[in-house]
Protein chains: 4
Amino acid sequence: MMSESDRADQMGDATREKLRQFIARIERLDAEKAELTTDIREVYSEVKSFGFDTKVLRKIISLRKQDVNERAEQEALLDLYMDALED
Amino acid sequence: MMSESDRADQMGDATREKLRQFIARIERLDAEKAELTTDIREVYSEVKSFGFDTKVLRKIISLRKQDVNERAEQEALLDLYMDALED
Amino acid sequence: MMSESDRADQMGDATREKLRQFIARIERLDAEKAELTTDIREVYSEVKSFGFDTKVLRKIISLRKQDVNERAEQEALLDLYMDALED
Amino acid sequence: MMSESDRADQMGDATREKLRQFIARIERLDAEKAELTTDIREVYSEVKSFGFDTKVLRKIISLRKQDVNERAEQEALLDLYMDALED
DNA sequence: GTTTACCAATACACGC
DNA sequence: GCGTGTATTGGTAAAC
């Protein structure tokens, strides 16, 4: 039979504990993320009940997000130009 | 020139306001979700710095999630049986 | 020893041949794709030799592509509106 | 109003033209690459229609590619030896 | 070797 | 409820 100490040969107790902590942190964050996904789904349900077309609304929100990203990238490009001009 | 009332012909002010609120709520939740995504990525960075293999860790968490799902299904099945027995 | 006919028990000769053809076609296309990847890398090398900042150029090309996609999505949203108004 | 010559202060016409050419070449190659991606996807669709498991086929092709890479390494090693023998 | 970008695979939402 | 189409996620490859 394999004892606790044998297992420890492969990975120190401190390391094992650290691994457990990492897993716990990630799973906690994943759970919070899943909750938000549920919340969002519920809002879309409300939207539908209210009579709005969810597909259209999803597209609108998607486009608004793209616009924000686009602006951020334009900024990034500007920064790149600035950096390039410093040489 | 197009007046405010012309716009209102297409969609009532109250409806427009409601739509804005829905968009605001969803975008707020999306933003929180994005933050969590960032947080998770940062934890994985720590994991890597610590010397763990992130690919393996991702696999572990994925497997544990599957187990959780299976357990949830078992629970659901149990509830079904319990309900059936109450009839 | 396993004969040819034994193998054929598992997959008909015609089917085996068909499989080989699919693999050949895909690998041919993959090879062409890899060549293009090489070609593109070479152009970026030229770009660098010429004195342009490749990072900037990559960003520019990325933004141009996004603009095209963005326009396509705007069209899609318009189509959604049209569909919604038909009701 | 800003004249053509003002623009030229920042980047010579020849340089601008060169830049346009680089962008055109890269975008042309990108487009061809995208076509091949589409072609490959279509072949996989055929594969599926034919009754093969695409996931398995992808794995097969991936393994064959690895073998090719290994063979390429062998070739490179051989070249190294050949060069060494010429000295 | 780190990070980013792409691509396939899965999960989810909607309409029939 | 099923099948389609879309959004997210996970894995892979390339760039710096």
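To find a chain, count down the sequence lines: A is the first, B the second, and so on, and within it residues start at 1.
- Between the CG atom of C/Leu80 and the P atom of E/dC14 there is a distance of 13 Å, rounded to whole Å.
- Separating the CD atom of C/Glu42 from the P atom of F/dA14 is a distance of 14 Å, rounded to the nearest angstrom.
- For C/Arg28 and C/Glu32, the salt-bridge test passes: some basic side-chain N is under 4.0 Å from an acidic carboxylate O.
- For A/Leu29 and F/dT9, the CG to P distance is 13 Å, given to the nearest whole Å.
- Taking both residues in full, the closest heavy atoms of C/Lys33 and D/Ile40 are given as CD-CD1, 4.0 Å, listed atom of the first, atom of the second, then distance.
- Its side chain within the 4.5 Å cluster rule, B/Leu77 clusters with B/Leu80, B/Tyr81 among the Ile, Leu, Val, Met, Phe, Trp and Tyr residues.
- Place A/Tyr44 and B/Ser45 on DNA chain E by their nearest nucleotides, and B/Ser45 ends up nearer the 5' end.
- Summarising the geometry, atom CG belonging to C/Leu29 is positioned 6.0 Å from atom CG belonging to D/Leu36; distances are rounded to the nearest 0.5 Å.
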Tell me, for nucleotides 7-12 of chain E in 5' to 3' order, what letter each nucleotide earns: B for a base near a protein heavy atom under 4.0 Å, S for only sugar-phosphate near one, - for neither?
SSSS-S
Determine, step by step, whether D/Phe22 and C/Phe50 satisfy the ring-ring contact (aromatic ring centres under 6.0 Å, His included) criterion, reporting the C-alpha distance in whole Å, the side-chain angles of both residues, the deciding distance to 0.1 Å, and the verdict.
CA-CA 10 Å; D/Phe22 278 134; C/Phe50 203 83; 5.8 Å; yes
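- Each of D/Lys59 and C/Lys48 lies near DNA chain F, and the nucleotide nearest D/Lys59 is the one positioned closer to the 5' end.
- Across C/Gln74 and A/Leu63, no two heavy atoms sit closer than the pair OE1-CD1, 4.0 Å.
- The side chain of C/Lys65 sits closest to E/dC6 out of E/dT2, E/dC6, E/dG15.
- Taking atom CG of residue A/Leu63 and atom P of nucleotide F/dT6, one finds them 14 Å apart after rounding to whole Å.
- For residues 46-66 of chain A, every residue pair satisfying the side-chain hydrogen bond (donor to acceptor under 3.5 Å, both in side chains) rule, not counting sequence neighbours, is listed here: A/Glu46-B/Arg25, A/Arg64-B/Glu27, A/Gln66-C/Glu73.
- C/Asp39 places its CG atom 14 Å from the P atom of F/dA14, with the value rounded to the nearest Å.
- Whole-Å rounding puts the C/Asn69 CG to F/dT6 P distance at 15 Å.
- Here the P atom of nucleotide F/dT9 and the CG atom of B/Leu36 are 11 Å apart, to the nearest Å.
- As rounded to whole Å, 15 Å separates atom C1' of E/dA5 from atom CD1 of C/Ile61.
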